[in-house]
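Every number for a ligand or one of its atoms is a count from 1 in the order of the listing.
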Amino acid sequence: MTSWPRPDDEAERVRELEELHALDAVPEPQFSSIATLAAHVCGTPIGLVNLVGHDTQYLKGRHGITWTEMDRRDSFCQYTICGDRIMEIPDAQADPRFRANSVVVGEPYVRFYAGAPVVSGHGHALGTVCVADTRPRLLSDDQRQALTTLAGNTAGLLQLHHHALRSEQMLARMREVEELKNQFLRTVNHELRTPLTAISSYLQIICDGDLDEATEQRFLRVIERNSDRLRDLLDELLLMASLNAGTAAFAPDQADLAALVHRTVAALAERVRTGQLTMTVHAPRAVMACADAGRVQHALTQLLDNAIKFTPPGGRIEVAAWSDPAPTVEVCDTGIGIGAADIEHVFDDFYRAPEAEERAIGGTGIGLSITRKIVELHDGTVQIDSRPDKGTRVRLILPAPLPCG
Ligand code: ATP
Ligand code: MG
């Protein structure tokens with residue numbers, strides 16, 4: 001055989017096979033039942049349900065043959081899928097297209113072939129239901145009709161299993177969303193309740209009176225700190241919602257990341273000190289980027305907040321910024337690190353690694369997801385690298401200033 005027929009819709013046809021997950025969607029026993037039925041109805045020793053891939057033909061349902069796939073060039077079915085109706089080869093040895101075919105001159109010595117195309121709802125012939133015999137012959141009209149009907153049922157079966165697969169995937173996604181919602185409610189409930197409880201307890205003590213002025217001032221500062229925490233949390237939640245909805249304000253301009261690093265670090269110096277940590281900054285020169293300085297400062301604050309709270313006393317935090325090959329800001333810590341199984345989720349909304357929960361380190365699980373969304377707004381990238389008990393390194397890579405004009 002020298003030519004290798006391809007239907008006009010070959011690309012779309014193969015794409016549909018992939019989209020339907022046809023090669024794994026339907027369990028083989030169901031295809032094999034159809035193959036057996038086809039062989040019985042047509043009175044042939046061989047019955048097959050084949051799916052014709054780009055280079056390979058997959059024998060998904062088998063009766064009288066044990067192979068699971070064959071080279072498409074040896075396939076009779078590649079001719080069948082070029083048409084929209086049954087193809088019958090009464091004697092392969094008398095047909096120049098098949099005379100030298102390896103399944104004609106060798107096992108299983110096919111002489112007779114009849115195949116009906118399995119046509120999808122989109123009109124693409126994905127494969128065939130076919131029968132073969134070792135002697136020349138013809139099918140009766142009833143047998144042809146039966147083979148065509150079985151091919152139609154096979155197409156229906158493929159579609160059905162595809163829908164079942166989609167439903168399972170949607171169900172799994174819905175379960176994930178449900179779990180996320182529960183996680184959100186648990187975390188937000190806890191994160192809101194803690195400052196609220198503190199505020200109402202201290203207020204109660206102040207209202208009860210009998211406090212000296214210094215103590216009352218101290219308690220008022222506690223109340224102020226907790227209400228700031230509540231406001232920050234609500235701001236973060238609103239920011240996340242607007243970033244998700246694509247409505248967050250975004251104004252990129254020429255921005256110096258080094259200056260931004262110094263500003264952000266200075267704002268957090270007190271927390272670094274109370275956490276008994278050492279922080280070093282290496283950003284000696286201007287690092288110009290095309291960035292919304294406010295948004296990037298917010299993202300960097302999230303990284304530093306994490307480095308501070310996930311690094312036990314005595315640990316180190318290093319912050320650096322450089323221009324080459326792209327404007328980059330890096331935060332490195334020697335903290336508790338993140339396990340391999342968690343690292344791929346830490347940018348998801350509300351995700352917190354089990355260690356954060358176990359060690360009762362506060363947080364809502366939205367800092368990194370906000371960071372990633374901010375960086376993506378800039379068409380930049382976030383890289384994270386972490387090892388449990390060794391530390392974490394996060395890099396924000398932003399676009400160079402030229403595109404801002
Ligand atoms: P939030 O930022 O909303 O206050 P959070 O800090 O817990 O809460 P993210 O900043 O989104 O949430 O981080 C998600 C999770 O990734 C954290 O809960 C923690 O498990 C892990 N993580 C992030 N940064 C670090 C880090 N530097 N060291 C160790 N674990 C980290
Ligand atoms: Mg955080």
**Message:** Under a 4.0 Å threshold between the charged nitrogen and the carboxylate oxygen, would R229 count as salt-bridged to D232?
**Reply:** no

**Prompt:** For Q93, does its backbone N or O pair with a side-chain atom of R99 as donor and acceptor, under 3.5 Å?
**Reply:** yes

**Item:** salt_bridge(E16, R13) N-O dist < 4.0 Å
**Value:** no

**Request:** Among T128, V129, I81, T154, find the one that has a side chain to side chain contact (heavy atoms under 4.5 Å, CB included) with N50.
**Result:** T128

**Request:** Grab the two heavy atoms, one from L277 and one from P312, that are nearest each other, plus how far apart they are.
**Result:** CD2-O, 3.3 Å

**Asked** How would you list, by chain and number, the residues with a heavy atom under 4.0 angstrom from ligand 1?
**Response** Q302, N306, K309, F310, D333, I336, G337, I338, V346, Y351, R352, A353, A356, G363, T364, G365, I366, G367, L368, T392

**Neighbouring protein N, O or S atoms of the Mg ion (ligand 2) [cut-off: under 2.8 Å, no waters]** = N306 OD1

**Request:** For D333, enumerate each residue passing the side-chain contact (heavy atoms from CB on, under 4.5 Å) test, keeping only those at least two apart in sequence or located in another chain.
**Result:** A307, T311, I317, T392

**Complete:** The side-chain hydrogen bond (donor to acceptor under 3.5 Å, both in side chains) partners of R175 (sequence neighbours excluded) come to none

**Item:** Side chain D256, main chain A286, donor-acceptor under 3.5 Å
**Value:** no

**V375 to T381 - nearest heavy-atom pair and separation** = CG1-N, 3.3 Å

